[in-house]
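First the structure, in the form of structure tokens, and then the observations on it.
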Amino acid sequence: MAGNRVTWLVAEHYGALEKITSGEAPVLPHQMQYAQSKFRSMIEGSSGNEFEKLFHRVMELRHDDYVPIRTAGSIGDLGGDGLRTVGRRLYACYAPETFNVSEVRGKFRGDVESAITQRPEQFDIFVFVHNDQRGGIHPVVAGLLMEAGKDHPRIVFQQMGPQKIWHEAMFLDRLRMEHLLGEAIPVELVAYRIGMAEIEPLLKHLADHRQHDASTGDVPLPTTYKVDYNELSSQARQVLQAGRPYGYLVEQYYREGLDLRERDEVADSFRAYYRRMRNEHIDDTDEVLWQMQRYVLGQEAARWEREEAAKAVLAYFFDECDIFEVPPPGWHPSVTVEGGAA
């Protein structure tokens, strides 16, 4: 493999902050499954100050420049609960036990106006942090973000829910992850079937429908150059090819689903885990694909129909360009062989 090219690509694309520091013990894949399960239970049971403390803990462990902001007498918090001094991001938390439209509207507008008035030179990005477990954000909040962006074009407005908070935690080494969870992560290999919680219904859907809904005939590689550019082996290509006949089922699942944001949330989770695996394994792209498949399935040996469903999931997100690198315009393989290039 052309290690120098891929190493440069990862370093240039993701930046130094996305790298796991040399010498720190990484969280192994089966330990990550355990950590995700524990973190999910922690965040599902938190609201108000408890949620805010958990958010602060994640961010302080993840970013050296993160500063939690406390309320100070009559001046309050000046519109923010946390600040990244180098990243120039201001975070405002809203985590009620029950969602109230009028309250969130008042909280959001009040924090934005206070921050822009009283700390205008301290941030370029305003992040609204919330505890909505359903994925995505409430349509009222989406409207508020759009409205604020029009009123204050100099500022970028973003949202950050439990899924994106977990994406930050995914980059912690084992000691920091254990500090976050408040307990040691099992070192021995433990089998988990939780896989990606967000994608379990999709795996079941694919497993239930693959025998009689599969398209017939060979499915051509729609992204041959992408496969070549990432230098995947013939075995890795076969994994993707095996899943492609069922790609339309993945599309159908998301198209007919009740939650229109689910596809984007799952794609975000895929991208975050892919970045972590690419940082760890750099130019061993076959290992990256294998780890992505393990992430979908969990660590326990899967029944054949579940494993085939996971291949369909990987092929879908690969072809949608949510995972692995996209070749730059004009790139072509030097030697073409069956199914791709040498």
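One-based numbering along the sequence shown. Predicted, not measured: the structure shown is a model, and the values here were computed from it.
- Between Trp166 and the options Tyr273, Phe39, Phe171, a ring-ring contact (aromatic ring centres under 6.0 Å, His included) holds for only Phe39.
- For the side chain to side chain donor-acceptor pair (under 3.5 Å) test, no residue two or more places apart in sequence or in another chain qualifies with His179.
- Using a 4.5 Å heavy-atom threshold, the side chains of Glu168 and Ile165 count as separate.
- The aromatic rings of Tyr225 and Trp331 stand perpendicular to each other, their planes meeting at an angle above 60°, with 30° marking the opposite boundary.
- In this structure, the separation between CG on Leu54 and CG on Leu180 is 6.0 Å, given to the nearest 0.5 Å.
- Taking CD1 of Ile155 as the reference point, atom CG of Leu90 lies at 9.0 Å (rounded to 0.5 Å).
- Ring centroids of Phe317 and Tyr274 are separated by 6.0 Å or more, keeping the two rings apart.
- Of the inter-residue distances, the one linking Lys164 atom NZ with His130 atom NE2 reads 7.5 Å to the nearest 0.5 angstrom.
- By the 30° and 60° cut-offs, the orientation of the rings of Tyr91 relative to Tyr66 is perpendicular.
- Remark: Glu280 engages Arg276 in a salt bridge, criterion side-chain N to carboxylate O under 4.0 Å.
- Residues Arg294 and Gln291 have side chains in contact (heavy-atom distance under 4.5 Å, counting atoms from C-beta outward).
- Residues Asn230 and Thr285 bring no donor and acceptor atom of their side chains to less than 3.5 Å of each other.
- Salt bridge status for Glu113 with Arg109: absent, with no side-chain N to carboxylate O gap under 4.0 Å.
- Counting heavy atoms from C-beta on, the side chains of Arg88 and Ile125 never come closer than 4.5 Å.
- Within the 4.5 Å cutoff, the side chain of Tyr94 has no heavy atoms near those of the Asp81 side chain.
- When side chains are defined from C-beta on, Met59 counts as touching Met160, because their heavy atoms get closer than 4.5 Å.
- With no hydrogens or angles considered, a side-chain donor-acceptor pair links Gln158 and Arg89 at under 3.5 Å.
- Note on Lys53 versus Glu50: no salt bridge recorded, every NZ/NE/NH1/NH2 to OD/OE distance being 4.0 Å or above.
- Of the listed residues (Asn100, Val141, Leu144), just one forms a side-chain contact (heavy atoms from CB on, under 4.5 Å) with Arg105, and that residue is Leu144.
- Counting heavy atoms from C-beta on, the side chains of Lys226 and Glu325 never come closer than 4.5 Å.
- Hydrophobic cluster membership is shared by Leu145 and Val140, with clusters built from Ile, Leu, Val, Met, Phe, Trp and Tyr side chains linked at under 4.5 angstrom.
- Taking the six-membered ring where the residue is Trp, Phe128 and Phe108 present perpendicular rings, their angle passing 60° and hence far from 30°.
- In this structure the side chain of Leu232 reaches within 4.5 angstrom of the side chain of Asp286, judged on heavy atoms.
- Counted by atom type alone, Gln118 and Ser114 present one or more donor-acceptor pairs between their side chains at under 3.5 Å.
- Side-chain contact between Asp111 and Phe126 is present, with at least one heavy-atom pair separated by less than 4.5 Å.
- Annotation: the span from Lys150 atom NZ to Phe157 atom CZ amounts to 13.0 Å, rounded to 0.5 Å.
- Remark: side-chain polar atoms of Ser41 are paired, donor with acceptor, to backbone N or O of Lys38 under 3.5 angstrom.
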